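Here's the structure, in structure tokens; my notes come after.
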Amino acid sequence: MPDTGGETTVGTRAAADPCDLVTVPARHGLEAVDILRLRTAVGPVLHDGGVDTLGFLVPPGTAARWDLPGSACTPALRRGPVAPPVAGAYWLVPPEEAAPVTDPVLLAAALCEAARTIEAADRF
């Protein structure tokens, strides 16, 4: 992501609204997006095709307590009116069509369910 003096800008909502970013492998993240869309609201989601990951915008402070194997959480992104902040990335779920952020508890549950779904599918 581009250097903006220690902060990264993502999304199209108010620049004063900070958020953290949970990244996961794309296959895992796509399953989780489907689960979240079926059950509850999902916040903006980035797809970075260059490294084949998805990034979920979550509330600020999530990174301090995020501990889910197979994922990472980057703290304190600043949202602003820009295109996706990574070359080769695009909005899978654009900010203007999403909840402000994804609830981290619901995201963790969806990621765990996605892992079980993928494991079951890979057995066949």
Side-chain angles (χ1 to χ4, degrees):
M1 292 186 186
D3 182 11
T4 56
E7 291 185 329
T8 302
T9 304
V10 297
T12 58
R13 298 194 189 267
D17 293 343
C19 60
D20 290 356
L21 184 71
V22 172
T23 55
V24 298
R27 183 177 181 204
H28 198 155
L30 290 169
E31 288 288 338
V33 167
D34 287 343
I35 291 164
L36 289 166
R37 282 182 167 163
L38 288 171
R39 298 199 180 132
T40 186
V42 62
V45 180
L46 279 169
H47 180 226
D48 183 351
V51 292
D52 205 24
T53 61
L54 291 188
F56 294 82
L57 273 62
V58 294
T62 300
R65 58 189 179 280
W66 187 261
D67 185 23
L68 189 66
S71 67
C73 190
T74 305
L77 301 173
R78 181 179 43 88
R79 289 191 267 190
V82 297
V86 178
Y90 65 89
W91 291 111
L92 180 68
V93 180
E96 58 275 3
E97 297 176 14
V101 292
T102 299
D103 180 298
V105 172
L106 298 175
L107 176 57
L111 290 169
C112 289
E113 184 175 341
R116 290 189 302 271
T117 300
I118 291 167
E119 182 181 336
D122 286 349
R123 281 190 243 142
F124 295 103

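Predicted model only: the values in this text are computed from it and were never measured.
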Separation of His28 NE2 from Ile118 CD1 (nearest 0.5 Å): 5.5 Å
Selection residues 113-124 - residue pairs positive for side-chain hydrogen bond (donor to acceptor under 3.5 Å, both in side chains), sequence neighbours left out: Arg27-Asp122, Arg39-Glu113
Flag, side chain of Asp20 to backbone of Cys73, donor-acceptor distance under 3.5 Å: no
Those residues that, when tested against Asp67, pass salt bridge (charged side-chain N to carboxylate O under 4.0 Å, His left out) (two or more places apart): none
side-chain contact (heavy atoms from CB on, under 4.5 Å) partners for Asp52, two or more places apart: Ala26, His47
Verify same cluster id: Phe56, Val93 (apolar side-chain graph, 4.5 Å): yes
Same apolar cluster (I L V M F W Y, side chains within < 4.5 Å links), Val33/Tyr90: yes
Contacts of Ser71 that satisfy side-chain contact (heavy atoms from CB on, under 4.5 Å) - sequence neighbours left out: Val22, Val24, Trp66, Leu68
Closest heavy-atom pair and its distance - Pro44, Pro100: CD-O, 3.4 Å
Residue pair Ala99 / Ala41: nearest heavy atoms and the distance that separates them: CB-CB, 3.8 Å
Connected via hydrophobic side-chain network under 4.5 Å: Val101 and Ile35: no
Sequence-distant partners of Arg37, salt bridge (charged side-chain N to carboxylate O under 4.0 Å, His left out), two or more places apart: none
Candidate pair Leu21 and Val58, rule side-chain contact (heavy atoms from CB on, under 4.5 Å), full reasoning: CA-CA 6 Å; Leu21 184 71; Val58 294; over 6 Å; no
With Val42, the side chain to side chain contact (heavy atoms under 4.5 Å, CB included) member among Leu57, Leu106, Thr102: Thr102
Close side-chain approach of Leu46 and Trp91, heavy atoms under 4.5 Å: yes
Any Pro59 side-chain heavy atom under 4.5 Å of Cys19 side chain: no
Gap separating the CG atom of Asp48 from the OG1 atom of Thr23, nearest 0.5 angstrom: 9.5 Å
